[in-house]
Structure formats: C-alpha cells, structure tokens
Peer 1: 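Below is a structure I'd like to ask you about.
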Amino acid sequence: MQLEPVIAINKVNHYFGKGRLRKQILFDVSVDIQGGEIVMMTGPSGSGKTTLLTLIGALRSTQEGSLKVFGQELNGANPRLLEAVRCNIGYIFQAHNLLHSLTACQNVQMSMALHKEVPEPVARQRSEAMLKAVGLGDWIHYYPQELSGGQKQRVAIARALVSHPKIVLADEPTAALDKHSGRAVVELMQSLAKQQGCSILIVTHDNRILDVCDRLLHMEDGRLSLLNAVPAQA
Amino acid sequence: MMAIPLAWLQLVREKNRLLVALAGITFAAILMFMQLGFRDALYASTVRLHTKLQADIVLISPQSESLVAMESFSQRRLYQTLGFEGVASVSPLYLDFAFWRNPQTRGTRSILVLGIDPEDRVLDLPGVGQNLDQIKLPDVVLFDQDSRAEFGPVSAQFNQGKTVATEVSGRRVRVGGLFQLGASFAADGNLVTSDLNFLRLFEARPQGLIDVGLIQLKPGADVEQVLKDIQSHLPTDVQALSKQGFIDFEKNYWATSTAIGFIFTLGTAMGFVVGSVIVYQILYTDVSDHLAEYATLKAMGYANSYLFSLVFQEALILAILGYIPGFALCLGLYDLTRNATALPMIMTLGRGVIVLVLTILMCSIAAAIAVRKVQAADPADIF
C-alpha cells in the first residue's frame, strides 16, 4: 500500500537574483519523503541544501515546479496558507534561535501557543514534559544565556517537537556541538520522532551521525542525487 | 497567545533600556503638562478678575483691547443704560496701573489699581466686601495678599497688626485691609480702592471717564434681550458685552494678539515630537535586537500581525509606565510654580486625560514607524 508522501517535490527549479544577475540554484529537484522517514541530506556549501529546506518549510515561495507538503501545493499559495503550513512543521536551526527574554519552558510554550485548541495549563504541562524528555528537567526555568550550547540546542529540539509536528526540518543541528552531545542530540531526535511518527529531514556535514538515517540524499550544484545505501564512513 | 506576555517580558529583560525609555517619556509628559499648564494658567489668571465681577452686562470702549490696555469712556453712557427695561443698577469700575513703592526696599513696581464705588458690591473677592468701609477713608487701599512677593511683606506686616503705609504714584497711602485675587501675566499685583481715592491717585485723569461699566439686571430679566436693546440704542462709542462675552474678549486678546498662546502650544508640540523620537529610538533598537527572534517566530508560523501587536503592546506599556511618574512629578512642579509665580497652576482632569492621550498617541506613532522594521525579519534568512 503506497501512502501519499508527506513531502512531494516534483521538478522544482529555484533562482536567486533578477535580470542578468539571475542565478539558478536548484535544478529539476524531485524527491518524495514518506511519513516517519528520517532523511539526511549532505553536500558541499552553496549547493542549495538550505534553499531546498526553506522551500519545504514554506519560508520561501516556490517558483517553478510542484512542491506539496501534507498534500498542499505550495507553488502559488497565499501567505495565510504558508503560515498555516509552518505551524505544523518543527524547525531546528543551526543557531538555536531561542528567545532571550523567555525561560526554557516559555520558549517551548511559544510553539504550543500557536495551537489555540490546547488550553494554557495543558500547553505548560506538555512543554515541561518535553523538556524532561530531552533531559532538561532541572533547567526548565532557566534563561537561554544560563544554558550551555548543547542544552540550548536541546531546548530548540523540545520546541520543535512539542507540538507534535508531522515534519521536522533541521539545518546542521550538530554543527555547534561536540561529538558526544551532537550524537546524543540526533539520537534524541530519532527516538522522539519514532514515538510521534513524524518525518525528519536533516541537512548535515557531520559524518558521525549519518548512520541514524533511513535514506541519504546528496546535493551537488543544485542537483539532487539519491545515495541508496548508507555509505561507509568517509 | 496571551499566555506568555512576551512584550512585557522583553521590556523588563533590558532593565537599563527600560529605565532610559521611561525617563524619556516621563520627560516628554512633564514638558507637555507644564506647557499646557502655563497656557491654561495664563488664560485663567487673566480672566480671574472678570469672573468675579458682579455684573450681567459690561460696557467697555470699543478701543479697549484687554484689561491692560483699556480706553476710558464717558460715564454718561453707563447711566443712560438705567433707562432700559430690565436694568436694576449700574456701577463704574476704574482701572489703571500705578507705581507701588515696596515699603521695605523702597523700590517701585507697577501694580494694577481698581477703583470701585464702595456703596456697591461689584467685586466678589474674599476680603473686599468686609473692608468696603475702610476704603471710604481717604488714601486707604486694600492690598491683594496673593500679589508677587516683590511688592514687599505687606500682608505679613498687616496681619501682625502693624500699620502699612507706602506710596502709590507718589501719593502716600495706607493699607486698610487685605483681599485675594492673585497675580496674572498682566498684573503682578492688585489694589482695590474707592472711586474717589482712585481719582486722587490718578490726578491727571479727566473726571467723568470710566474704564468699565457694570450693569446688573433685575431678577428674571433676559440678558440677551437687554444686551440687544443696549447695543442697538447706544451710540457706537461704547461696546456692550455679556459677562461671558467680556471673559471671551479677554481670552481672545491673549490667545490671538500676543505670542503667548502660540508659544505654549508650540512648546507642547515640541514635547510631543521629542517624546516620539525617544520612543522611536527605543523601539527601533528593541526590534533590531530581536530581529532574529522575530524571524524565528515567523518561521514557527506566527503571522506579521502578531509581531505588529507585540511592538504596539510595548509602546502602550511604555506610554502608561512613563506617564504615571510624569503625572506625579507634575503635581509637585505645579505646586512649585504656583508658589513661585502666584499663577493658578492646577492639575485638571481634562488636562490629565489630554496628556495621557497625547502620550499614548506619541508612543503609537513611534511604534507605527518602528514596526516597518519588523517586516524586514525574513524567516528564510535564519537557516
């Protein structure tokens, strides 16, 4: 039985700049990602990985080709729809991008606040539970600047996952972390994702974590190629 | 979305910046309060005498511009009005400036002298009514105890039971009592005396000319009707006004024929602009500092409108938190000004509301400009 893919990308081209300076970044990119899949994407800098990620995350408008998330066509979608799609995607950034004025718990709650059907006390409980799940049970009421880099990244993961998104997009989540905590963070994402049944797309340069994924994609000069098997450690 | 008061948390996170912002807004509010206070005090002080006149209709010369620039006219015109239906009584009022010699320092200073008929009760001022017998005596005057201090410690000495005698226009006079009127922008101090004493002080004035004619009507008489009758039957060398018309006439002089009304309105506008610039600076810096965070919120699915309301909430919080100390400090400053200048500087509910509205408007305008920066927060840039 073939389920409809959570992300369906078909012949997407993308350009930056205008007129003579117009430069094509993505060439004819096509890929499907199924529910519950963990996909990693590697490739040199400037190859277009992040651009593809922002297109899937509805942070940029799709220019050419078809890009469907949850079956919704994003090419030509209005800003309201894009905002609605974003609410159902969890983002983990290279920099943690936490709100400095809020505690760890409040940061996580900001993600819940978008889901108005969840009452405030429930949102708070779920936020605290999620922070405990990422191992920050003792740090719930600390501000970001009081936490270490690994802890901040774990808060960001809790924020991305607390609202049970169907898709998690992560851009080099381990770049700022040492080997041990980088590994721990990815395994955490993997186990939480398996529990919640969501798809994860991770852009990474980090060879140490590639074995976690179900499928490995490689981006080079704006063209996507599929590496079927998990490669041996390079 | 109100579960986490992000606007408030962001403001209190940067305590120093918050204090600077509040100081700026407080300063702007005080500036507006003082300017509006001065303007209203000016108007109130210049018409304080007018409101205390016991008259329904007032006659003045058409060439008179204000209380400080009165032309006199023949008292015959005033007595002519006794013939009109509804007029009960008339009384003359003499006005002029004379030099008062400070009994202590011997320096002289210009003071406003009011001459009234001691048989008529035409001035509803505390201290005048009970001392009318005093001014029937030759060369006896009543002194305004709310006059500026430069006239000397007259009321203090008088209250100690001492005889206060000095010179007015080179003529020796004695203070026979105290009354309360207060200094205005026009006159630093006031004297009340009888019409006869007045003419003794101003010997050069021709007899039979008065400055203001006060007309009292019989109970139940229609002021508008009598006013119309007088206006249409008296020659054009006098002008008849209702009491309110006389008050408006004076206010209008100060508002339009002097720079003062304009100056204080401009001062208020300056406070408004300065406040707007300060709040804009604070909000702009705040938005710039949080731009990456705002972009993150957008990426999470927050709409632009949420971020707009965030900035406006911050502006509103700043406006109200800055207004409260401004209001409190102004109560003290008004007191200080009142004691230093004898001007009627008082806080009114209306002015409190106007400045609050201006402060909120000021912060909203600043927010409306600063909010454009929020649109620059591009969620695609933060990956």
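For clarity, every value in this text was computed on a predicted model and none was experimentally measured. Numbers restart at 1 for each chain; the letters A, B, ... are given by sequence-line order, proteins then strands.
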Peer 1: Under 4.5 Å heavy-atom distance to chain B, tell me which part of A/L55 shows up: side chain, backbone, both or neither.
Peer 2: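 No part of it gets close to chain B.
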
Peer 1: Start with the C-alpha gap between B/T296 and B/H290, add the side-chain angles, then the distance that decides, and say whether side chain to side chain contact (heavy atoms under 4.5 Å, CB included) holds.
Peer 2: CA-CA 10 Å; B/T296 308; B/H290 292 115; over 6 Å; no

Peer 1: Looking at A/Q109, is its backbone amide N or carbonyl O close enough to the side chain of A/R124 to form a donor-acceptor pair, meaning the two atoms are under 3.5 Å apart?
Peer 2: no

Peer 1: What part of B/D289 is in contact with chain A, defined as an atom under 4.5 angstrom from a non-hydrogen atom: side chain, backbone, both or neither?
Peer 2: neither

Peer 1: If you measure from CG on A/L26 to OG1 on A/T51, what distance do you get to the nearest 0.5 Å?
Peer 2: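 If I round to the nearest 0.5 Å, the distance is 5.5 Å.
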
Peer 1: Working to the nearest 0.5 Å, report the span between CD of B/Q281 and CD1 of B/I369.
Peer 2: 11.0 Å

Peer 1: Among A/H100, A/E172, A/M112, A/R60, which has the most heavy-atom pairs under 4.5 Å with chain B?
Peer 2: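 Top option by heavy-atom pairs under 4.5 Å: A/H100.
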
Peer 1: I'd like to verify something: which residue of B/E293, B/K298, B/Q10 has the highest number of heavy-atom pairs under 4.5 Å with chain A?
Peer 2: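 Of the options given, most contacts go to B/E293.
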
Peer 1: Under 4.5 Å heavy-atom distance to chain B, tell me which part of A/L99 shows up: side chain, backbone, both or neither.
Peer 2: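 Contact with chain B involves both backbone and side-chain atoms of A/L99.
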
Peer 1: Using a strict threshold of under 4.0 Å (side-chain N to carboxylate O), is an ion pair present between A/E83 and A/R80?
Peer 2: yes

